[in-house]
Asks: 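Would you mind keeping the following structure in view while I ask a few things?
What you see is a predicted model, and the numbers here were worked out from it, not measured in a lab.
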Amino acid sequence: MKGAGGTSGGIGQFFIGLVMMCGGFYMLLNAIKITSSFGLGSHLYHFGGFSLTSGMVMIPFIFGVGMMFYNAKNPFGWLLTFGSLVALIFGVISSINFRFSYMSAFDLIVILVLSIGGLGLFLRSLKAIDNRYPDA
């Protein structure tokens, strides 16, 4: 009978490792708090002494949408629209701040043991078991 991943590895190790890994990574991601400083007047990009705000990025977007509705075959309208959207998305992503919530050393050790131990069990279950020494 084939085990996890089509090898002779253990199915029990596969599911125990999967549950441990999912639980540990869930707890890790749940401990991360995300804040953002994004707003309509926030500075997205700085070029020397000039800074570009998110409201300034919307101006070419508006013109691009207008040009697209006037003539859908105008490549400059498409370029303005999607270039502005890409700049806005990168600006939003770059304004995100990640931080860990307060946790004790025990909480962190439990998260790391579950995550990394579960990953180790999961990967070991995908490896074939060597049955050359069945008595050992």
Asks: Kindly work out whether a path of hydrophobic side-chain contacts (I/L/V/M/F/W/Y, heavy atoms less than 4.5 Å apart) joins I59 to L85.
Replies: no

Asks: Which pairs of donor and acceptor atoms, one on a side chain in residues 61-75, lie under 3.5 Å apart (sequence neighbours left out)?
Replies:
{"from": "N71", "atom 1": "OD1", "to": "K73", "atom 2": "N", "distance (Å)": "3.2"}
{"from": "N74", "atom 1": "OD1", "to": "F76", "atom 2": "N", "distance (Å)": "3.1"}

Asks: Which residues end up grouped with I89 if you chain together Ile, Leu, Val, Met, Phe, Trp and Tyr wherever their side-chain heavy atoms are less than 4.5 Å apart?
Replies: I93

Asks: I need the minimum non-hydrogen distance between A87 and V57, along with the two atoms involved.
Replies: CB-CG1, 4.2 Å

Asks: First locate atom CE of M27, then atom CG of L108, and finally report the distance between them rounded to the nearest 0.5 Å.
Replies: 10.0 Å

Asks: Rest of the hydrophobic cluster containing V113 (Ile/Leu/Val/Met/Phe/Trp/Tyr, side-chain heavy atoms under 4.5 Å)?
Replies: I109

Asks: For residues 76-87, which residue pairs pass the side chain to side chain donor-acceptor pair (under 3.5 Å) check, not counting sequence neighbours?
Replies: none

Asks: Could you note down all residue pairs passing ring pair (Phe, Tyr, Trp, His ring centres under 6.0 Å) where residues 96-125 supplies at least one of them, sequence neighbours left out?
Replies: F14-F122

Asks: Indicate yes or no for a side-chain donor-acceptor contact from S101 to the backbone of A31 under 3.5 Å, with no hydrogens or angles considered.
Replies: yes

Asks: Once you round to the nearest 0.5 Å, how far does CD1 of I32 lie from CZ of R99?
Replies: 11.5 Å

Asks: Check for me, please, whether M21 and L112 land in the same ILVMFWY cluster - side-chain distances under 4.5 Å, paths through other members count.
Replies: yes

Asks: Do V19 and L29 land in one hydrophobic cluster if side-chain heavy atoms of ILVMFWY residues count as linked below 4.5 Å?
Replies: no

Asks: From S115 OG over to L28 CG, what is the distance, rounded to the nearest 0.5 angstrom?
Replies: 5.5 Å

Asks: I16: which residues meet the side chain to side chain contact (heavy atoms under 4.5 Å, CB included) condition with it, sequence neighbours left out?
Replies: M20, L121

Asks: Is it possible for you to say whether L126 and F15 belong to one hydrophobic cluster, with membership spreading through side-chain heavy-atom contacts below 4.5 Å?
Replies: yes

Asks: Which residues pass the side chain to side chain contact (heavy atoms under 4.5 Å, CB included) test with I116, not counting sequence neighbours?
Replies: none

Asks: S104: which residues meet the side-chain hydrogen bond (donor to acceptor under 3.5 Å, both in side chains) condition with it, sequence neighbours left out?
Replies: D107

Asks: Dump the intermediate steps for side-chain contact (heavy atoms from CB on, under 4.5 Å) on I96 and I34, then the final yes or no.
Replies: CA-CA 7 Å; I96 293 175; I34 300 172; 3.4 Å; yes

Asks: Could you see if F90 belongs to whatever hydrophobic cluster contains F82? Use Ile, Leu, Val, Met, Phe, Trp, Tyr and a side-chain cutoff under 4.5 Å.
Replies: yes

